[in-house]
Amino acid sequence: MEKEGLIRCFASLDAMDLRVDELVTDRHISIRKHMRENLSSCRHKFDSWHVVKGTDSKLRKLSKRTGFEKIKLWQSSITNHLYWCAASSDGDGELAWAKWSSLENHIVDIHCHENSMYDKCAHGPLEDREWFIDGSQVFERLRSVLFSVNMKKDVMMLSGCDNTSDLESFHAVLNHFAPKLIHFQYNAMNTRYKIAILHFNENVNREQGTTKEGKLKFSVTYTKYRKRHTVKKILLAPTYDYVALLKKAVCSMVSGDLIAEVLPPAPPPLTDGREKIDRAEAIASTVSRYATKNIFVGPTDAANISAVEREEFLPSLKNVILPNHLTKQFLIRAKPNTRREIETCGILSGMLKGDDYKITHLLVPKQTGDGNSCSPTDEAEIAEYHVRNKLIQLGWIHTHPTQTVFLSSVDLHTQHPLQQVLPEAIAVVCSPADDSTLSFNLTGKGLHVLATCTEEGHHPHTQPDTLFKVCDHIIKKRAKLQVIDQR
């Protein structure tokens with residue numbers, strides 16, 4: 001996507017007869033190759049922050065090895081030197097590399113160098129430090145990291161003062177007005193982006209705030225992971241003057257003083273024009289990332305169908321740990337709907353613990369339902385909760401207020417995509433009328449039939465009782481359960 005965005009951006013600039021002299025990016029391999037082969041007239045530079053971040057990560061990892069603890073004492077100085085090489089070389093790659101390679105001598109207490117472009121360290125007298133010993137194992141390993149061929153390429157492409165921080169700040173504003181977890185149609189997305197641009201342009205040059213005494217405001221944060229503090233400027237609060245202008249424009253359109261532009265048609269999708277695979281073929285070739293064998297969902301001959309019925313193609317399943325009080329907790333939340341004979345659904349979420357999946361969360365989402373079905377109404381909120389809490393969906397639970405426990409055709413189609421992603425996914429059905437609860441999953445035949453079924457809503461299946469079975473991989477235990485009701 002980054003490369004495609006770059007190509008489209010340069011095409012738009014060319015259409016406006018604008019020429020780009022220099023482009024600063026991160027170290028994206030595809031973009032580097034594209035710039036080298038197709039846009040060689042434009043200078044391509046790397047934001048030094050991205051190079052420093054990668055180097056710092058390698059040093060931190062190396063310093064954790066036994067006998068390499070000294071590297072940690074030099075870690076901050078080395079990364080600061082890399083920043084200085086970029087900032088003081090004015091875009092001259094050869095000079096930046098000469099300054100950076102001088103570090104090989106500096107860390108062994110040698111401050112005169114053979115490179116004529118930078119033959120002597122620029123610092124003054126130094127305090128005594130723990131210098132490295134030339135030829136030692138630690139020194140040789142450190143040198144292989146700091147002065148590799150790839151590192152030389154990166155250092156010679158460092159940007160002096162230009163960086164991508166403002167662009168990343170703009171992306172954060174875009175993500176605020178058009179969250180990635182929510183799908184928008186093209187014109188809706190385009191409009192949200194334009195509002196984000198108005199907000200960013202109005203607030204991009206905010207000044208630093210001051211106290212009542214006139215002192216500049218700063219915040220100091222300390223990270224446990226990095227074990228060091230970070231000082232940040234506290235800026236003035238953002239303004240929203242553009243909102244008044246938008247309201248005025250809308251009022252002018254309503255009164256007829258301003259004519260609204262007709263929205264342009266949405267461009268074709270990025271995948272448009274590509275050869276599309278048959279849907280049934282794509283489903284049949286799908287392999288679960290959790291499976292030990294392929295999930296067979298599309299047999300055509302009698303021998304394969306019988307194999308599916310024997311479930312020879314289903315993967316071996318991990319156990320699912322189900323808290324023994326989960327059903328009771330769910331029925332308490334479902335009781336108001338149950339009295340009105342309306343179905344209620346919930347999401348069973350958790351994580352992989354050792355060799356078993358463990359259900360740790362019961363999420364009751366915003367939903368709509370009637371006597372025969374129920375479904376969540378805000379999928380984005382559910383997805384956001386799972387991402388934020390690093391959970392995976394292990395199944396679902398719902399009530400049959402007036403019926404027995406079984407999987408209807410709608411239930412089967414709800415369970416099918418869950419079990420395609422996670423073969424261990426379960427469907428728990430509660431019947432308050434019968435005071436019974438069972439957990440189901442699809443059989444091999446069920447996976448096959450539902451993969452090829454295109455009907456929607458309640459509809460008949462041949463021998464529906466053979467499409468699902470009672471789960472045999474559930475272990476009920478006394479375990480903690482967090483209940484979240486989003487309604």
Side-chain angles (χ1 to χ4, degrees), residues 1-26 28 30-32 34-35 38-39 42 44 47 50 162-206 235-276 365-366 376-388:
M1 292 298 292
E2 288 87 352
K3 179 184 174 183
E4 181 64 26
L6 178 75
I7 293 173
R8 293 189 178 199
C9 181
F10 269 84
S12 299
L13 293 173
D14 286 340
M16 293 184 285
D17 199 25
L18 294 175
R19 184 171 63 88
V20 179
D21 292 327
E22 183 175 294
L23 175 70
V24 180
T25 69
D26 59 8
H28 197 288
S30 297
I31 289 180
R32 180 191 292 193
H34 179 77
M35 293 295 296
N38 302 291
L39 296 168
C42 175
H44 184 204
D47 181 357
H50 292 278
D162 299 316
N163 55 66
T164 62
S165 58
D166 286 340
L167 180 62
E168 289 166 359
S169 298
F170 174 59
H171 284 168
V173 176
L174 287 182
N175 196 39
H176 175 79
F177 283 90
K180 295 179 181 179
L181 289 174
I182 303 176
H183 175 264
F184 299 99
Q185 296 297 331
Y186 173 78
N187 285 318
M189 177 73 79
N190 194 28
T191 301
R192 285 174 174 268
Y193 276 5
K194 289 177 179 178
I195 296 175
I197 291 170
L198 291 173
H199 181 86
F200 181 80
N201 287 343
E202 183 173 317
N203 293 282
V204 65
N205 293 319
R206 280 183 293 157
L235 304 180
L236 295 174
T239 59
Y240 302 89
D241 295 340
Y242 63 91
V243 176
L245 297 176
L246 289 175
K247 289 180 178 179
K248 183 178 180 181
V250 171
C251 292
S252 298
M253 292 178 188
V254 173
S255 63
D257 297 333
L258 184 65
I259 301 176
E261 296 182 4
V262 178
L263 292 175
L270 293 177
T271 57
D272 193 58
R274 298 183 181 180
E275 183 178 355
K276 295 184 179 179
K366 297 172 184 175
T377 57
D378 195 341
E379 299 283 355
E381 186 177 19
I382 298 173
E384 183 181 1
Y385 184 84
H386 279 76
V387 172
R388 186 171 64 250

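Scope of the values below: all heavy atoms of this structure, side chains included, with no hydrogens, waters or symmetry mates.
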*Hey, what do you get for CZ (R8) to OG (S12), rounding to the nearest 0.5 Å?*
9.0 Å
*Between H386 and I382, is any pair of side-chain heavy atoms under 4.5 Å apart?*
yes
*asked:* We want to know whether E202 and T239 form a side-chain donor-acceptor pair, criterion being a heavy-atom distance below 3.5 angstrom.
replied: yes
*Of all the heavy-atom pairs spanning R206 and L236, show the shortest one and how long it is.*
NH1-O, 2.5 Å
_Sub-4.5 Å side-chain heavy-atom contact between F170 and I197_ = yes
*Sequence neighbours excluded, which residues qualify as side-chain hydrogen bond (donor to acceptor under 3.5 Å, both in side chains) partners of N38?*
H34
*Which pair of heavy atoms, one from I195 and one from Y242, lies closest together, and at what distance?*
CG2-CE1, 4.1 Å
*Considering only heavy atoms from C-beta outward, does the side chain of L23 approach that of F10 to under 4.5 Å?*
yes
*Could you pull out all residues at least two apart from E168 that satisfy salt bridge (Lys or Arg N to Asp or Glu O under 4.0 Å)?*
none
*Inspect the surroundings of CG in D21 and state if more than 12 heavy atoms from other residues, nucleotides or ligands are less than 6.0 Å away.*
yes
*When rounded to the nearest 0.5 angstrom, what distance separates CG in D26 from CZ in R32?*
10.0 Å
*To the nearest 0.5 Å, how far apart are CG in D14 and SG in C9?*
9.5 Å
*Listed by chain and number, what are the side-chain hydrogen bond (donor to acceptor under 3.5 Å, both in side chains) partners of Y193, not counting sequence neighbours?*
none
*Between the main-chain N or O of Y186 and the side-chain N or O of N190, is there a donor-acceptor pair closer than 3.5 Å?*
no
_side chain to side chain contact (heavy atoms under 4.5 Å, CB included) between L198 and L246, intermediate numbers included_ = CA-CA 10 Å; L198 291 173; L246 289 175; 4.1 Å; yes
*Taking all heavy atoms of L181 and all of A380, pick out the closest pair and write down the distance.*
O-CB, 4.0 Å
*Nearest heavy-atom pair of C42 and M35: which atoms, and what distance?*
SG-CE, 3.9 Å
*To the nearest 0.5 Å, what is the distance between OG (S30) and CG (L6)?*
10.5 Å
*Is a side-chain donor or acceptor of N187 paired with a backbone partner of A266 at a separation under 3.5 angstrom?*
no
*Is there side-chain contact between I31 and H44, with heavy atoms separated by less than 4.5 Å?*
yes
_H176 side chain vs A172 backbone, donor-acceptor pair below 3.5 Å_ = no
*Flag the pair F184 / P179 as yes when at least one side-chain heavy-atom distance between them is below 4.5 Å, and no otherwise.*
yes
*Taking all non-hydrogen atoms of both residues into account, name the closest pair between E381 and D378 and its distance.*
N-OD1, 3.1 Å
*Quick one: sort the Y240 and H199 rings into parallel, tilted or perpendicular, breaks at 30° and 60°.*
tilted
